[in-house]
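Here the structure is a predicted model, which is why all the values come from computation and not from measurement. Side-chain atoms are counted along with the backbone in the values below, which use heavy atoms only and exclude waters and symmetry mates. We count residues from 1, following the sequence as given.
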Amino acid sequence: MKRTLSALLGDAAVHSLAELGDRAPHLRPYLPEHALLVTPPTPEAGAAVITCAQREGWRVLPIGAGTKLNWLGNTPKADIFLQTTAWHQLIDHAAADMTVTTQVGMPFQALQRRLAAAGQWIAADPLFRETATLGGCLATQSNGTLRQRYGSWRDQLLGVKFIRSDGQIVKAGGRVVKNVAGYDLMKLLIGSYGTLGILTEVTLRVYPLPDAVQVWQLRGEVAALAKGLGAIFSSSLAPARCVLRLEATGALLLELEFHTLREVLASGTLGDRLSCIAQSHDLQLEPQAPLGITLNPTPDQVILKIGVPLSEMVSALSQLRQLAQELACECCGHMSAGVGHAYLHGEPEALRQLILRLRQGLPRGYVTVLAAPLSLKQQLEPWDYRGNALELMRRLKQQLDATGVFGTGVFVGNL
């Protein structure tokens, strides 16, 4: 396998586990002894690898910078780890049309800095945004708390190019906002963990940088926070973020971030309206520095992704706090638009019990185990999928990857 791939890409683009040595320590725990790490210099070279893999019966796991390899549901059954970090060209920034087209190996924050020079940005705040590639953020559906106002990656994506399991590079969507061309294949690829194809190029909406940002925090009893949150949702206020935050101290608070005009902030109207909501619901209102969500997890933390109906966010984090206290686990987290993350420390058995009991307490939600030791993931079902579409997912997988080139067993249902 190594000889074949080296002849295709060159020795510098193909590495065995032994050859990596002390390089890429975050990748080493996931690379089987026989597997190879390949870094094709271009998408076309990546497509040639997939053509070869289909012919030889090799299985391929696409990765970006590898920041979220520990989010996989299982140890990947992969012969090739195909890294896309060499695909980092900015193809087109159509500032007037509010779109950007880029290859997926571009680090997310590097793209943000280039857009900022034109007064624009991508309205997302994924974890590991300094190092994670754009493609990795899309493949894992990691977009953060700005979805409250701007939507998820699926709402911001306009077009893609990707490598199919037969090695063909195809495209879906386009480079314009009003785009109805073809089937909406691109949304299938978002959050599919590289099990349907390899993204090579994407076109995204961009937005003007906010003229002014203001952040407020609301504190109070759990019942008061729940009612205050409901009042905000039923009002005409439109926060860019509406984040329910559980701090490491056990405090529960509501953080609101507004993107608006300087004139609006200067008028004081926003603060007055929030003061009325706070006073009528017995909450304390405090202005904050516009920092947003800056938390990035540490390597030894267990990370959960929690999803519930909007009306149950306060209850979900309250249950999480109570279970963490009972089981002597350290815990913090946040939720927005019904989706959020929890970051945990504790003894393995205590963490297992916390996850199982939290799932039982959230019958209308889900609790996915993202980052965790494999020994913990093997004791429970990490994805917590409760829907009825698994058979449909398998049929889609068969249609798009009939020979199992991307069948590494890392996704829901071992897809």
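- A donor-acceptor pair shorter than 3.5 Å cannot be found between the side chains of R129 and S142.
- Taking the charged nitrogens against the carboxylate oxygens, R113 and E130 do have a contact shorter than 4.0 Å, which makes a salt bridge.
- Between D401 and R164 there is no salt bridge, since no side-chain nitrogen of the basic residue lies less than 4.0 Å from a carboxylate oxygen of the acidic one.
- One N or O on the side chain of Q156 and one on the backbone of A123 form a donor-acceptor pair closer than 3.5 Å.
- To the nearest 0.5 Å, atoms CE (M98) and NE2 (H93) are separated by 7.5 Å.
- For the 3.5 Å distance criterion, the side chains of S267 and T269 qualify, holding a donor opposite an acceptor.
- R219 contributes no side-chain N or O that, together with a main-chain N or O of Q284, makes up a donor-acceptor pair within less than 3.5 Å.
- A pairwise comparison of heavy atoms in Q141 and I190 identifies OE1-CG2, 3.4 Å as the closest pair.
- Within the model, atoms CZ of R59 and CZ of F81 stand 11.5 Å from one another, a figure rounded to the nearest 0.5 Å.
- Remark: the backbone N or O of T195 is paired with a side-chain donor or acceptor of K397 at under 3.5 angstrom.
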Given T67 and T133, is the side-chain contact (heavy atoms from CB on, under 4.5 Å) satisfied, shown in steps? CA-CA 9 Å; T67 56; T133 63; over 6 Å; no
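- Contact record, L265 with A212: CD1-CB, 3.5 Å, taken as the closest heavy-atom pair.
- There is no side-chain donor-acceptor pair under 3.5 Å between D125 and N143.
- What you find for C329 and L351 is that their closest heavy atoms are SG-CD2, 4.0 Å.
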Decide ring-ring contact (aromatic ring centres under 6.0 Å, His included) for Y366 and W383; before the verdict, give the C-alpha distance in whole Å, the side-chain angles of both, and the deciding distance to 0.1 Å. CA-CA 8 Å; Y366 63 83; W383 296 104; over 10 Å; no
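- At most 12 heavy atoms of other shown residues, nucleotides or ligands fall within 6.0 angstrom of atom CG in N388.
- Other residues, nucleotides and ligands contribute more than 12 heavy atoms inside 6.0 Å of the CZ atom of R154.
- K377 places a side-chain N or O within donor-acceptor distance of the main-chain N or O of L370, the cut-off being under 3.5 Å.
- Taking the six-membered ring for Trp and thresholds of 30 and 60 degrees, W71 and H341 have ring planes inclined between 30 and 60 degrees apart.
- Distance OG1/T368 to CD/E381: 8.0 Å, rounded to 0.5 Å.
- Of the N and O atoms on the side chains of W87 and Q89, not one donor lies less than 3.5 Å from an acceptor on the other residue.
- Interatomic distance, E255 CD to Q217 CD, rounded to the nearest 0.5 Å: 5.5 Å.
- The closest side-chain donor-acceptor pair between Q214 and H259, if any, does not fall under 3.5 angstrom.
- Atom CD of E391 has more than 12 heavy atoms from other residues, nucleotides or ligands within 6.0 Å.
- A side-chain donor-acceptor contact under 3.5 Å links R241 and T145.
- By the 30° and 60° cut-offs, the orientation of the rings of Y343 relative to H334 is tilted.
- Heavy atoms only, all atoms of each residue included: P76 and L61 are closest at CB-CD2, 3.9 Å.
- More than 12 non-hydrogen atoms from other residues, nucleotides or ligands lie less than 6.0 angstrom from CD of E44.
- Environment of CG in D211: crowded, with over 12 heavy atoms of neighbouring residues, nucleotides or ligands closer than 6.0 Å.
- Using modelled atom types and a 3.5 Å distance limit, the side chains of T51 and D166 yield no donor-acceptor pair.
- A salt bridge links E326 with R357: the closest approach of a Lys/Arg side-chain nitrogen to an acidic carboxylate oxygen falls below 4.0 angstrom.
- Annotation: side chain of L253 is in contact with side chain of E247 (closest heavy-atom distance under 4.5 Å).
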